[in-house]
2 protein chains.
Amino acid sequence: MSRKSSRMTIKDVAREAGVSISSVSRALNGLTANQELLQRVNDAVKLVEYVPSQIGQSFKTQRTGQVAVAVPDISNASYLALVKECQRVFSEAGYRTTLINTGGNSGDDIELIRGLRQKYVDGLIFTTIRPTPELIEEIEASEVPVVLVGSLKTAVSFDVVSTDSKQAARLAVEHLVSQGCRKIGLIGGPLDTVPGRNRYEGFVAAASESGVFFEENIVILKDFEFDSGLEAAKRLIEQGVDGVLGSTDILALSVLHAVRDAGLSVPLNVRVVGVDNSEAARLAIPRLTSIDLGAIDRGRMAAEFLTSRLSGFDSAPKTAIVRPRIVVRESSL
Amino acid sequence: MSRKSSRMTIKDVAREAGVSISSVSRALNGLTANQELLQRVNDAVKLVEYVPSQIGQSFKTQRTGQVAVAVPDISNASYLALVKECQRVFSEAGYRTTLINTGGNSGDDIELIRGLRQKYVDGLIFTTIRPTPELIEEIEASEVPVVLVGSLKTAVSFDVVSTDSKQAARLAVEHLVSQGCRKIGLIGGPLDTVPGRNRYEGFVAAASESGVFFEENIVILKDFEFDSGLEAAKRLIEQGVDGVLGSTDILALSVLHAVRDAGLSVPLNVRVVGVDNSEAARLAIPRLTSIDLGAIDRGRMAAEFLTSRLSGFDSAPKTAIVRPRIVVRESSL
DNA sequence: TTGAAAGCGGTACCAA
DNA sequence: TTGGTACCGCTTTCAA
């Protein structure tokens, strides 16, 4: 016996229960006082194995019950943490979560926002490290609520959740200095990204204030690949740094490798700090000190901002800034 | 000037272009020969900034344009790889991807499959390590196409993609033996999971065939947590093993830590092999030998199976088995 | 080639 | 409280 029955609709339930489809709808949505009718409808629902069509409901209500979370790269630990946390909050609030890997390309980003007009989701959490004016404009024009995760320089008409990248770099430098480092290197991300730029500026500011030697010890990468980091780390070690800040935990791991390859030791000869406080940092040998940018907190707040808007609260644009904190481990002791 | 215009529908385009809505629909779907009408419609579309409603289209076509990928834990490297690859294939095929974190609970799994009747997605890639008979039954009854990623003992009426976990363990043991290990330990996953059971059996078979000492060196964990692995590894080291197979890369990393904590060295005193060939394995110190279970290949095949079904190809149930391969690195040399 | 109209599966208004 | 019915946006059949 094939169970692949053609879909049962509300009509079938109504027929089976001997009532009108309106009554079925009401019964199913808890708008019926009549116990007997309710019973008949429930029996009929069981009998025909009725399940309301999400598509039909969406059509009527113009709500999909879905939200999207867009990140440049889901492989990146902090985006992964953010996505997971959003998903948790949304799931609790009764929304399904659609995952979008943007690749970080700003043209595609704009297309993504524009595509929201198709109304395939009720709202969007959008993460970007390159918030161009065009992108901002497109988000402001969006009919679908968008919450942006990322740092902006201007005031905007939508909700924003960000972290203080400059402060993150500062925490790292101050820690390294307090541990006795006097010649600190930076392996930074691309300067045309907001976090890349901010961490660079934070590093420079904190380093010069501390009076440590640093100016020749800055390497800016075009990407965040481990191999690029390895190359950069090798250079820094040749210049005799005694402390390095890696822009991500992966880049910091590359420093651990380079130091070992050079026959030196972390933290004896070189102290290392990473950024993201990812699992990779916790499990590294030696365990890696890392700046936690609060990806989980950002995810939670962004998701809460969005669910709030989706519930119809039409407040002024909200902003949340998560403060980074340093998690000290073996690699910088 | 607010851009938050209320949605434009096909009617607005029709009115603006001075044609019927049927003509607009045809023009938009490339079913019009008349160049002038086409032009008028396109102009009207631009003028009113019309974007077809996904909801309206879904309602008519009974297709959502979405597929779901369900995994027990997105944090797990191999599931992550699988999800990413599925997403890539689906995106190319014009489908959006919804991510579902199941948590691996089998009751919830059944609810998930049952929930498909709501028709919120067109198809599902489902990953499980505990394929209960009830679950199988539910999948077979599903009206929505499901592709299962995981090993099954029985023949089923849906597509399945799996890997050979037994062979994976065998590869690892044979490699360790060939490197000179004579007392090999296993840190295994729960035996009530299919991969946990299969890896255990593969390990036992390969170890006894090789004639190496192993029987007292098996620790089966209740979970895959790093800390549990650390504890287990400590025990194995006290028993004097010279080789360890960790059931996942994370567990293998815990062995690296435990060996170091014991003042010993990998691979000099203990050789270590993990499973998953994750980024964590590539970046570990020392770099970790790992069994690649072909997560990416499985993701690709599963996604292709599903898109094929969604395109209406109603073939017999397909099965694909991905062969594991070993990636030898420093930790076992 | 074009337009009119039915219908996909629900919800909610209105009248009984 | 209940049933009849309009309607959400789009595709597609059918007739002109």
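Lettering of chains follows the sequences in order, A, B, ..., and the numbering in each one begins at 1.
One N or O on the side chain of A/S53 and one on the backbone of A/G56 form a donor-acceptor pair closer than 3.5 Å. In this structure, B/N34 contributes its side chain and B/E36 its backbone to a donor-acceptor pair below 3.5 Å.
At a cut-off of 3.5 Å, with distance as the only test, a side-chain donor of B/S75 or A/K84 sits close to an acceptor on the other residue. With 3.5 Å as the limit, one finds a donor-acceptor pair spanning the side chains of A/Q66 and B/Q66. A/S78 and A/N76 form a side-chain donor-acceptor contact under 3.5 Å, judged by distance and modelled atom types alone.
Under the 30°/60° scheme for interplanar angles, the aromatic rings of A/F59 and B/F59 are found to lie parallel.
For the pair B/I21 CD1 and D/dT11 P, the interatomic distance rounds to 10 Å; values are reported in whole Å. D/dG9 atom C1' lies 7 Å from atom OH of B/Y50, rounded to whole Å. For the pair A/R40 CZ and D/dT1 P, the interatomic distance rounds to 16 Å; values are reported in whole Å. Separating the CZ atom of B/R63 from the P atom of C/dG9 is a distance of 15 Å, rounded to the nearest angstrom. Between the C1' atom of C/dG9 and the CZ atom of A/R15 lies a distance of 15 Å, rounded to the nearest Å. Between the P atom of C/dT11 and the NZ atom of A/K11 lies a distance of 14 Å, rounded to the nearest Å. The interatomic distance linking B/Q118 (CD) with C/dG9 (C1') rounds to 14 Å, in whole Å. For B/Q62 and D/dT11, the CD to P distance is 13 Å, given to the nearest whole Å.
Mapping B/R26 and B/K60 onto DNA chain C by nearest heavy atom places B/R26 at the nucleotide closer to the 5' end. In this structure, B/L31 and B/I55 both approach DNA chain D, and ranking their closest nucleotides by distance from the 5' end singles out B/I55. Between B/T61 and B/S23, the residue anchored nearer the 5' end of DNA chain C, judged by the nucleotide with its closest heavy atom, is B/S23.
Of the side-chain N and O atoms in B/Q57, one or more sit less than 4.0 angstrom from OP1 or OP2 of D/dT11. Contact annotation: A/S20 side-chain N/O to D/dG3 OP1/OP2 distance is under 4.0 Å.
Taking CD1 of B/I74 as the start and OG1 of B/T102 as the end, the distance is 10.5 Å to the nearest 0.5 Å.
Backbone-only contact: A/T9 has heavy atoms under 4.0 Å from sugar-phosphate atoms and none from a base. Residue contacts shown for A/S22 include a base, since a base heavy atom lies under 4.0 Å away. In this structure, B/T32 reaches the sugar-phosphate backbone alone: every heavy-atom distance under 4.0 Å involves primed, P, OP1 or OP2 atoms, never a base. Note on A/L37: only backbone sugar-phosphate atoms sit closer than 4.0 angstrom, heavy atoms only; bases stay farther off.
Every residue was checked against the side chain to side chain donor-acceptor pair (under 3.5 Å) condition with A/T127, not counting sequence neighbours, and none meets it.
Side chain of A/S25, nearest nucleotide from C/dG9, C/dG10, C/dT11: C/dT11.
In the helix from C/dT1-D/dA16 to C/dA16-D/dT1, the rotation axis of the first five pairs and that of the last five pairs differ in direction by 50°, rounded to 10 degrees.
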